[in-house]
Amino acid sequence: MSFLDQLNEAQREAVTCTEGASLIVAGAGSGKTRVLTYRIAYLLQQGVPASRIMALTFTNKAAREMKERIQKLVGEEARYLMMGTFHSVCGRLLRPESEKLGHTRDFTIYDTADSKSLLKSICKELGLDDKVYKPGLVLYRISSLKNNFVTPENYGANLNLQKEDRDMRMYQLYDVYKLYQSKMLECNAMDFDDMLLETLRLMRDFPEVRNKIQQQFQYVFVDEYQDTNHVQYLLVKEFSAPQNNICVVGDDSQSIYSFRGADINNILDFQTQYSDVHVFKLERNYRSTQNIVKASNSLISNNSDRIPKEIYSEREEGSQLILKPYNTDKEEAVGVVAQIRQEHSTLHTSYNSIAVLYRTNVQSRLLEDELRNREIPYRIYGGMSFYQRKEIKDIISYLRLAVNPLDNEALLRAISIYSGIGAVTMKKVAACAKEYNVSYLEAMRDSEKIGICVGTAAAKLQAFATKIENLSAINKEQGASAVVIQILEITETPLDVKLLHDKEEIDRVQNIQSFVQQIKEYEAERKDSSENVPINEFLYEVSLLTDQDDNQNDTTDRVTLMTVHSAKGLEFPTVFITGLENGVFPSWHSTDDMKELEEERRLFYVAITRAMERCYLCYAKIRFVNGERKVQTRSMFLNDIDRQYIKSSNTYSSCGETVKSHWNFTYSSNAAFSRSWGAPQNYGVETPPTPKTPVRQEQTPITSSWKAGDRVSHRVFGQGTVMRVYRDEVTENDKIEIAFDTQGTKTLLLTHAKLERA
């Protein structure tokens, strides 16, 4: 039987139409990965050499799984595919040509921590206020520039960008950016954004390289195309020219990464950017029940920027989505965990089958507390990667130096765990290196000659430099394992846990043991006869691992906690979505911008479509936000879902006890909700009992430039008439109530309303 027989009609068409530009719009749970892998397998079966195919993904895990599937379909030929993340593929293309860009083949890849450390030292060198020039903020700004193909050269001539810097009070950001790139070059290093930017520059500035790459790859595939940024869009255009055999797969309804530079217009405008585009829509959802699919359809249909499609399911109808209101965020955590316990005990649902999703990481604390109280095992998905642990990064810093002696950031970290050389001495090393325009290691090697230090300090510096030189020689002559063993001797790292008593120290040593074993396995897999395997390629692979790749190793039975952004691409039989309140989900900063609001709605769509069988929608009346307890209104997105797919519940049970919620919301429009202690009017919720301590509802008129009767215009809600302006004494916020012409009456925070006179 041909593997094509395993596809439905829409999938088969998408797989077998291989020539020209193709857009495969793949709805949630529609078998996107299968179509992509089968299309590549089909090309191989038709005689296209694997070396002529490039496939770009966003995680190593996705690339690995696709390659394994293709191998099962067509055999070992799949091993020769150029398949991987944008960064890994660009890295493979860059290394042979890196000297053209001023680097050596063994350039280091800086992660976020390395970049922040370098930026911190640059800002200190320039005498800049670290409260304004925060390393994380500066790095985010520089990353945004690179994602839009803005180099220091054209950045300096862009007046609009410089105005944005002034608005942020970062008047010298151009100087920081320019010096950052200069120091990266001195260190023979690139950050993640550089790998894409430099590949694009390589193809733009060196026609012979561009022609070689374009002639090599006859077919180009891109997974999750809705997540591409501007530089990635330009790279794909370069890779696929001139044959135009480009196939992109994605779902505009799941475009949720604009904060990382992703541009939804890349997929929305694909048909105008390429000629004679074949469009295939995968609309059958294999993951979720009919009610979940229909509910998510009704939600996302409220967005205007979208490719029209109607996702459907042929699974059972399934249960409705359960709407769960709670008095407080604490009560929400108690209720969610009680429901988890009930599902586990009565439905025999494994903890691995349950996920709790939230908009921001801060929401996890109360959930974690309650899970621990109930002794329910859980994992935080998207937590610290194994390779970001201090003890592992310390060893990696030495490995990096063995490969790239110019890597100053690696040297500073390595020195910090090496006895006998202090911070004062290293400041002198840095000053000398700058004066003589050499690397820190070169300055240390010649310390007596250039007068950095005298006496024992000079000897210690030279001794350290000699150790690093020896590591480089061992790497070339003996290979990866020998290098690591030598590093453990240099750092005096104990490996016998029997001699240790402190749990944290035991965990640390066990992590190091695991790392050493991993290197040995890596070496064993690649060793050919007696040839030594250097550490270079291992470092390269580790530097490109993502949190998503690292989090796949834990298979113990645990409830999964994660942000909705982290949940994309995953699925669970039972999903709880918490914090569904205006200001939380959607986030408060999105309500005044239609594009941002539509992305928040797409994020909610992603959350719902993670659920296979049961989906709980939870929100709280009072939540601790930004240091104070605030009265919340439930999310405007709940009103976007057709009511027939939602069942309300204001009770939850746990171990025989029933706890009732004491409140409900009524509403008349997407964003405006009125709190009520009386009979509920939505989804058939039973009348809650009268609370013992009602929340204060004092509202005091205030003086404002707006007054009742004024006509206003809002970017999202259109034109309307001001009803009143007042101070909410409960939250101590100034608010404005507006009757909009087409959107109903809404209450907005006065400071964030961004109104204009109509």
Side-chain angles (χ1 to χ4, degrees), residues 8 10-11 26-34 251 253-254 281-302 309-325 335-358 557 559-560 562 564 567-578 580 585 601-619 634-635 637-653 682-686:
N8 64 37
Q11 292 173 332
S30 63
K32 166 182 69 70
T33 304
R34 167 174 284 195
D251 182 7
S253 295
Q254 297 186 68
K281 295 183 181 180
L282 308 182
E283 297 175 302
R284 180 178 174 183
N285 181 302
Y286 289 88
R287 173 189 299 154
S288 307
T289 61
Q290 293 182 35
N291 268 320
I292 291 173
V293 170
K294 290 176 181 177
S296 61
N297 281 346
S298 65
L299 168 74
I300 203 63
S301 65
N302 288 274
K309 53 187 174 296
E310 189 65 27
I311 310 302
Y312 67 95
S313 171
E314 294 185 0
R315 288 191 58 191
E316 68 276 12
E317 183 178 18
S319 59
Q320 295 167 292
L321 283 68
I322 306 298
L323 187 63
K324 289 270 195 178
V336 167
V337 173
Q339 188 66 44
I340 289 173
R341 188 165 187 170
Q342 185 179 60
E343 287 221 359
H344 183 66
S345 60
T346 62
L347 299 179
H348 306 293
T349 304
S350 68
Y351 289 132
N352 268 341
S353 299
I354 301 172
V356 184
L357 309 182
Y358 35 79
D557 191 27
V559 174
T560 300
M562 68 176 91
V564 183
K568 186 168 173 288
L570 303 176
E571 58 185 34
F572 301 87
T574 300
V575 169
F576 293 83
I577 307 172
T578 61
L580 285 170
F585 201 171
R601 187 178 284 112
R602 292 194 295 269
L603 189 61
F604 188 27
Y605 174 85
V606 167
I608 293 175
T609 54
R610 298 313 92 196
M612 301 167 68
E613 298 167 8
R614 289 172 295 281
C615 183
Y616 295 86
L617 310 175
C618 309
Y619 62 101
R634 71 180 186 183
S635 173
F637 293 154
L638 291 173
N639 201 34
D640 291 339
I641 302 174
D642 194 310
R643 297 186 184 190
Q644 65 180 305
Y645 306 123
I646 294 184
K647 176 183 178 183
S648 277
S649 169
N650 66 337
T651 64
Y652 57 83
S653 301
N682 297 295
Y683 307 132
V685 183
E686 63 184 77

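Small disclaimer: the values here were computed from a predicted structure and weren't measured.
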Original post:
Any idea which heavy atoms bring E613 and R315 closest together, and the distance?
Top reply: CG-NH2, 3.8 Å
Original post:
Minimum heavy-atom separation for G27 to I311, with atom names?
Top reply: CA-CD1, 3.7 Å
**OP:** Take R610 and L357 through the side-chain contact (heavy atoms from CB on, under 4.5 Å) test and state the conclusion after the steps.
**Re:** CA-CA 10 Å; R610 298 313 92 196; L357 309 182; 4.2 Å; yes
Subject >> Min side-chain heavy-atom separation M612-T574 under 4.5 Å >> reply: no
Subject >> Charged N-O contact under 4.0 Å between R287 and E571 >> reply: yes
**OP:** Quick one: closest heavy-atom pair of F572 and N352, and the distance?
**Re:** CD2-O, 3.7 Å
Subject >> Verdict with supporting geometry, Q254 and K568, side-chain contact (heavy atoms from CB on, under 4.5 Å) >> reply: CA-CA 8 Å; Q254 297 186 68; K568 186 168 173 288; 3.9 Å; yes
Subject >> Nearest-0.5 Å distance that lies between atom SG in C615 and atom CD1 in I608 >> reply: 5.5 Å
Original post:
For the residue pair I577 and A607, what are the closest heavy atoms and their distance?
Top reply: CD1-CB, 3.6 Å
Subject >> T578 side chain near V356 side chain, heavy-atom distance below 4.5 Å >> reply: yes
Original post:
Just by distance, do the side chain of S353 and the backbone of T349 share a donor-acceptor pair under 3.5 Å?
Top reply: no
Original post:
Among side-chain atoms of S298 and S301, is any donor-acceptor pair under 3.5 angstrom?
Top reply: no
Original post:
Counting N and O atoms only, with roles assigned by atom type, does the side chain of S313 sit under 3.5 Å from a partner on the main chain of S288, one being a donor and the other an acceptor?
Top reply: yes
Original post:
Should the pair R614-E343 be classified as a salt bridge under the 4.0 Å nitrogen-to-oxygen rule?
Top reply: yes
Original post:
Counting N and O atoms only, with roles assigned by atom type, does the side chain of N285 sit under 3.5 Å from a partner on the main chain of A28, one being a donor and the other an acceptor?
Top reply: yes
Subject >> Steps toward side-chain contact (heavy atoms from CB on, under 4.5 Å) verdict (F637, L617) >> reply: CA-CA 11 Å; F637 293 154; L617 310 175; over 6 Å; no
Original post:
Atom OH in Y619, atom NZ in K324: separation rounded to 0.5 Å?
Top reply: 12.0 Å
Original post:
What pair of heavy atoms forms the shortest contact from V606 to S253, and how long is it?
Top reply: CG2-O, 4.5 Å
Original post:
Got a sec, which residues hit side chain to side chain donor-acceptor pair (under 3.5 Å) with T560, two or more places apart in sequence or on another chain?
Top reply: R379
**OP:** Could you tell me whether a side-chain N or O of E283 sits under 3.5 Å from a main-chain N or O of E310, the two making a donor and an acceptor?
**Re:** yes
Subject >> Counterpart residues, side-chain contact (heavy atoms from CB on, under 4.5 Å), relative to K32 (two or more places apart) >> reply: A26, D223, E224, V249
**OP:** Would you check if K294 and D642 make a side-chain contact, meaning some heavy-atom pair closer than 4.5 Å?
**Re:** no
Original post:
Roughly how far, to the nearest 0.5 Å, is OH of Y312 from OG of S30?
Top reply: 10.0 Å
Original post:
Can you tell me how far CD1 of I292 sits from CG of N297, rounded to the nearest 0.5 angstrom?
Top reply: 12.0 Å
**OP:** Check whether the side chains of Q339 and Y616 place a donor and an acceptor atom closer than 3.5 Å, and report yes or no.
**Re:** yes
Original post:
If you take all heavy atoms of V336 and C618, which pair is closest and at what distance?
Top reply: CG2-SG, 3.9 Å
Original post:
Can you tell me how far OH of Y605 sits from CG of N302, rounded to the nearest 0.5 angstrom?
Top reply: 13.0 Å
**OP:** List the steps, then state whether side-chain contact (heavy atoms from CB on, under 4.5 Å) holds for L580 with R634.
**Re:** CA-CA 6 Å; L580 285 170; R634 71 180 186 183; over 6 Å; no
Original post:
What residues, two or more places apart in sequence or in another chain, satisfy ring pair (Phe, Tyr, Trp, His ring centres under 6.0 Å) together with F604?
Top reply: F585
Original post:
Are D640 and R601 close enough for a salt bridge, meaning some N to O gap below 4.0 Å?
Top reply: yes
**OP:** Supply the atom-to-atom distance S635 OG to L638 CG, rounded to the nearest 0.5 angstrom.
**Re:** 5.0 Å
Subject >> Stepwise side-chain hydrogen bond (donor to acceptor under 3.5 Å, both in side chains) check, N8 with Y286 >> reply: CA-CA 11 Å; N8 64 37; Y286 289 88; 2.8 Å; yes
